[in-house]
*Asks:* 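Sending over a structure as structure tokens; questions will come in a sec.
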Amino acid sequence: MENQNKVRADLRQLKPFFIVAFVGIIYHLRIRPMAGDDVFFSQATSELGLWNYLIQRYETWTSRFVIEFLLVWIIKYPILWRLIDLALFISFPVLISKIFDGGKLLDWCAAAAVLLYPFHDMGTAGWITTTVNYFWPVWGMFFVGFLLKKMLVHKKINIVEGIAGVLVCVIASSHEQVAVILFVVFILYGIYLICGKSKKMPLVQDSAGSTLTDKKVIHSNNLYLAGMVLVNIITLISILFCPGNAGRNTVSIADLPIFETYGFGDKLYLGLLSIERVFIANCDAVFLTVALVLAMLVYVKTDDYKKTIISALPVLILFGQTAMRTAYPGLSGLFVMPQEITEWSWGTLSTWLPMVYLAVTVAAMLYALWIILGEQPIEYIYALLMLGCGFGAGMILGFMATIYVSGERVYITLYFILLFVTMFCIYRMEDAVEEKLKQTGGKLAVTLLALICLINIGFVTLSLSLIHISEPTRR
């Protein structure tokens, strides 16, 4: 009887992951691969052979040598790809939760984070091509984060995890945005260790509460860490010196000639405008959830009306972009819906309003993070740096002529960095949040967030069979 109760308790604890598995199975049953770029890559090596093809691609088009090596192989086995992609989807919230030590609250948050992501974006250039190029590297980034967390608390990385970590880091680092983010993460991890030693901080305790000082464990972990850092640096160098970058840029400019006339300010504006369009003007579900949660956390922490209102400014802007624009058409000029524009006038109000909303939104989020994490300035700085990586990865797209061709799939790193930082805030306020969830206000907040999540799942499920495949990008 006691064993049965334990099994039931364990199954209840896994409920959020079962829900993700159920949704993931539905998604992957409705997915229809072998369209768009999938067709190109399925035939890519038929004439040149594998190695000659990869060399040609590196010299003329892309630095994603490792990803394309994996892609042109896996695309020949769509059923295998479907099984691997489903496994990654199901395991994703487990990885995220493990980084935050798990627990009921963080398990549900991790599951919600994965289910909130607009997964239909992964089908816009062909399902196999897009997931291997974007979703798999982001999963790999969090797998590396999971290993770093184990190293941080001096838990032994077994040989399978260690080898997998290096291999996964090779694949993940082949994606330019992920490579830079991992490089920053490795630097921050090193700084944290150095600061810990200089301040003679006690070793972090493991979940059992015992302090681990086994030098063999630390030495073994450091070898795996060195391997991941090394492949990340080598891959970054290969990206920086890839001759295909210039070739791809030339072809892309030929498709968008006006891009060649843009100065630095124009490209910066284009990158920022695209972020505002995707996340704010379109009232993105992930961004709305992040804004709501941060404002709620500020309220829980301070119980202060003014501080909560300042933190909730992004929510008010999103409200204006939706309800007010619909209910009061006369005010639609104040809530501009940016299009995929290539020309604009610096003297018009509509040019600057999106920048104002983006600036206010970012400022309010930084303020909310300070209220939540300000007691530990190093954590606040780390959160800012991670957000900076995410927003920087989105902003840099303005300097590429493929900004509109690539679509919204390129923002996957920013999506999950936003969700990760929000979960970190919840993690730091876990006790207070759990106490608040017992009250009526907390239950209403959970109901609202669950409703947003359910609507997103329904929308993604329905849209999977209606995905518009963009023009082949060979990327």
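Numbering starts at 1 and runs along the sequence shown. What you see is a predicted model; the values in this text were computed from it and never measured.
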*Asks:* Look at the aromatic rings of His28 and Trp81 and report parallel, tilted or perpendicular, splitting at 30° and 60°.
*Replies:*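 Answer is tilted, since the angle falls between 30° and 60°.
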
*Asks:* Just how far is it from atom SG of Cys109 to atom CG of Leu419, taken to the nearest 0.5 Å?
*Replies:* 10.5 Å

*Asks:* Tell me if the CZ atom of Phe183 is crowded by more than 12 foreign heavy atoms within 6.0 Å.
*Replies:*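 No, the 6.0 Å shell around CZ holds no more than 12 heavy atoms from other groups.
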
*Asks:* Which heavy-atom pair separates Phe143 from Ala164 by the least distance, and what is that distance?
*Replies:* CE2-C, 4.0 Å

*Asks:* Between Phe459 and His120, is the ring centre distance below 6.0 Å?
*Replies:* yes

*Asks:* Using only heavy-atom distances, determine whether the side chains of Asn133 and Arg64 contain a donor-acceptor pair under 3.5 Å.
*Replies:* yes

*Asks:* Are Trp127 and Asp85 close enough, and set up right, to give a side chain to side chain donor-acceptor pair (under 3.5 Å), and what steps lead you there?
*Replies:* CA-CA 10 Å; Trp127 280 102; Asp85 198 67; over 6 Å; no

*Asks:* Any side-chain heavy-atom pair from Met151 and Ile157 closer than 4.5 angstrom?
*Replies:* yes

*Asks:* Quick one: does any side-chain atom of Ser91 pair with a main-chain N or O of Leu88 as donor and acceptor, under 3.5 Å?
*Replies:* yes

*Asks:* Tell me, with the steps shown, if Tyr415 and Asp284 meet side chain to side chain donor-acceptor pair (under 3.5 Å).
*Replies:* CA-CA 10 Å; Tyr415 271 115; Asp284 179 78; 2.7 Å; yes

*Asks:* Is a side-chain donor or acceptor of Ser173 paired with a backbone partner of Val170 at a separation under 3.5 angstrom?
*Replies:* no

*Asks:* Which atom names give the shortest non-hydrogen contact between Ser63 and Ser174, and what distance separates them?
*Replies:* O-OG, 4.1 Å

*Asks:* Thr308 and side-chain contact (heavy atoms from CB on, under 4.5 Å): which partner among Val298, Ile371, Val300?
*Replies:* Val298

*Asks:* Working note: Trp73 + Leu80, criterion side chain to side chain contact (heavy atoms under 4.5 Å, CB included); need CA distance, chi angles, decisive distance, verdict.
*Replies:* CA-CA 11 Å; Trp73 174 77; Leu80 178 60; 3.6 Å; yes

*Asks:* Go through it in stages, so that I can follow the logic: the residues are Tyr189 and Tyr382, the test is ring-ring contact (aromatic ring centres under 6.0 Å, His included), and I'd like the CA-CA distance, side-chain angles, deciding distance and then a yes or no.
*Replies:* CA-CA 10 Å; Tyr189 181 81; Tyr382 276 25; over 10 Å; no

*Asks:* Using only atom types and a distance under 3.5 Å, with no angle test, would you say the side chain of Ser274 pairs donor to acceptor with the backbone of Leu270?
*Replies:* no

*Asks:* Once rounded to the nearest 0.5 Å, what's the spacing between atom CE of Met122 and atom CD1 of Ile128?
*Replies:*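 Going from the CE atom of Met122 to the CD1 atom of Ile128 covers 14.0 Å.
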
*Asks:* Run the side chain to side chain contact (heavy atoms under 4.5 Å, CB included) check on Tyr134 and Asp121 step by step: do they pass?
*Replies:* CA-CA 10 Å; Tyr134 293 93; Asp121 285 352; over 6 Å; no

*Asks:* Rounded to the nearest 0.5 Å, what's the gap from CG on Leu106 to NZ on Lys98? Could you check?
*Replies:* 12.0 Å

*Asks:* Do Leu373 and Phe424 come within less than 4.5 Å of each other through their side chains, counting heavy atoms only?
*Replies:*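 The answer is yes; the side chains approach within 4.5 Å.
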
*Asks:* How about Leu451: does its CG atom have over 12 heavy atoms from other parts shown lying under 6.0 Å from it?
*Replies:*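 Result for CG/Leu451: enclosed.
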
*Asks:* Please determine whether side chain to side chain donor-acceptor pair (under 3.5 Å) holds for the pair Asp101 and Tyr427, giving the CA-CA distance in whole Å, both sets of side-chain angles, and the decisive distance to 0.1 Å.
*Replies:* CA-CA 9 Å; Asp101 301 324; Tyr427 173 66; 2.7 Å; yes

*Asks:* Between Tyr269 and Thr351, is a side chain to side chain donor-acceptor pair (under 3.5 Å) present by the stated rule, with each step listed?
*Replies:* CA-CA 9 Å; Tyr269 176 78; Thr351 300; 4.6 Å; no

*Asks:* Counting distance only, does the side-chain N/O of Asn232 pair as donor-acceptor with the main-chain N or O of Ala179 below 3.5 Å?
*Replies:*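 Between the backbone of Ala179 and the side chain of Asn232 there is a qualifying donor-acceptor contact (under 3.5 Å).
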
*Asks:* How close do Val421 and Met386 get, heavy atom to heavy atom, and via which atoms?
*Replies:* CG2-CB, 4.3 Å

*Asks:* What's the spacing between Phe22 CZ and Phe18 CZ if we round to 0.5 Å?
*Replies:*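 Going from CZ on Phe22 over to CZ on Phe18, the span is 13.5 Å.
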
*Asks:* Should Leu414 and Phe279 count as side-chain neighbours, where that means a heavy-atom distance under 4.5 Å?
*Replies:*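 Leu414 vs Phe279: side chains touch.
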
*Asks:* Just checking, Arg82 and Phe89: is the charged tip under 6.0 Å from the six-membered ring centre and within 45° of the axis?
*Replies:*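 Geometry flag: not set, cation outside 6.0 Å or 45°.
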
*Asks:* When rounded to the nearest 0.5 angstrom, what distance separates CE in Met423 from CZ in Phe416?
*Replies:* 11.5 Å

*Asks:* Between Ile67 and Pro137, is any pair of side-chain heavy atoms under 4.5 Å apart?
*Replies:*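 They are in contact (side-chain heavy atoms under 4.5 Å apart), so the answer is yes.
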
*Asks:* List the steps, then state whether side chain to side chain contact (heavy atoms under 4.5 Å, CB included) holds for Met365 with Leu418.
*Replies:* CA-CA 10 Å; Met365 291 177 68; Leu418 283 169; 3.7 Å; yes

*Asks:* Looking at Val72, Ile74, Ile171, which one forms a side-chain contact (heavy atoms from CB on, under 4.5 Å) with Val132?
*Replies:*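 Going through Val72, Ile74, Ile171 one by one, the side-chain contact (heavy atoms from CB on, under 4.5 Å) with Val132 is satisfied by Ile74 alone.
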
*Asks:* Please walk me through it: do Val286 and Asn456 pass side chain to side chain contact (heavy atoms under 4.5 Å, CB included)?
*Replies:* CA-CA 9 Å; Val286 171; Asn456 186 69; over 6 Å; no

*Asks:* Taking the side chain as every heavy atom from C-beta outward, state whether Leu70 and Trp136 have any pair of such atoms under 4.5 Å apart.
*Replies:*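 Yes; the side chains approach each other to less than 4.5 Å.
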
*Asks:* Taking all atoms of both residues into account, what is the closest heavy-atom pair of Asp107 and Gly102, and its distance?
*Replies:*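 Asp107 and Gly102 have their closest heavy atoms at OD1-CA, 3.8 Å.
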
*Asks:* Would you say Ile181 and Ile417 make side-chain contact, with heavy atoms under 4.5 Å?
*Replies:* yes

*Asks:* Taking the inter-plane angle between the rings of Phe420 and Phe100 on a 0 to 90° scale, is it parallel (under 30°), tilted (30 to 60°) or perpendicular (over 60°)?
*Replies:*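 Because their plane-to-plane angle lies in the 30° to 60° range, the rings of Phe420 and Phe100 count as tilted.
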
*Asks:* Give a yes or no on whether a salt bridge exists between Glu161 and Lys150, defined as a side-chain N under 4.0 angstrom from a carboxylate O.
*Replies:*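 Looking at Lys150 together with Glu161, the answer is yes, because their closest N to O distance falls below 4.0 Å.
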
*Asks:* Ignoring hydrogens, what is the shortest heavy-atom contact between Arg32 and Leu29? Give both atom names and the distance.
*Replies:* NH1-O, 2.9 Å

*Asks:* Run through Ile239, Thr413, Leu236 and flag the one making a side-chain contact (heavy atoms from CB on, under 4.5 Å) with Glu176.
*Replies:*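 Among the candidates, only Ile239 passes.
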
*Asks:* Does Val185 reach the side chain of Val144, with side-chain heavy atoms less than 4.5 Å apart?
*Replies:* no

*Asks:* Taking the six-membered ring for Trp, is the centroid-to-centroid distance between Trp139 and Phe135 below 6.0 Å?
*Replies:* no

*Asks:* Return the orientation label for the Phe119 and Tyr27 ring planes: parallel under 30°, perpendicular over 60°, tilted otherwise.
*Replies:*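 Because their plane-to-plane angle is under 30°, the rings of Phe119 and Tyr27 count as parallel.
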
*Asks:* For the backbone of Phe65 and the side chain of Arg57, can you confirm whether one donor and one acceptor N or O come within less than 3.5 Å of each other?
*Replies:* no

*Asks:* With rounding to the nearest 0.5 angstrom, report the CD1 to CG distance, Ile19 to Leu115.
*Replies:* 8.0 Å

*Asks:* Does Glu375 pair with Arg428 as a salt bridge, N-O distance under 4.0 Å?
*Replies:*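 Answer for the salt bridge query: no.
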
*Asks:* Would a distance-only check, ignoring hydrogens and angles, find a side-chain to backbone donor-acceptor pair under 3.5 Å from Ser97 to Val94?
*Replies:*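 Not at all, since once roles are kept as given, no pair shorter than 3.5 Å links the two residues.
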
*Asks:* With the side chain counted from C-beta on, respond yes when Phe92 and Val20 share a heavy-atom pair under 4.5 Å apart, and no when they do not.
*Replies:*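 SC-SC contact between Phe92 and Val20 ruled out.
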
*Asks:* Given the rule in the salt bridge (Lys or Arg N to Asp or Glu O under 4.0 Å) test, do Glu434 and Lys104 qualify, once you have shown the distances and angles that lead to the verdict?
*Replies:* CA-CA 10 Å; Glu434 288 182 339; Lys104 182 179 179 180; over 6 Å; no

*Asks:* Just by modelled atom types, is the Thr129 backbone N or O under 3.5 Å from a matching donor or acceptor in the Asp37 side chain?
*Replies:* no

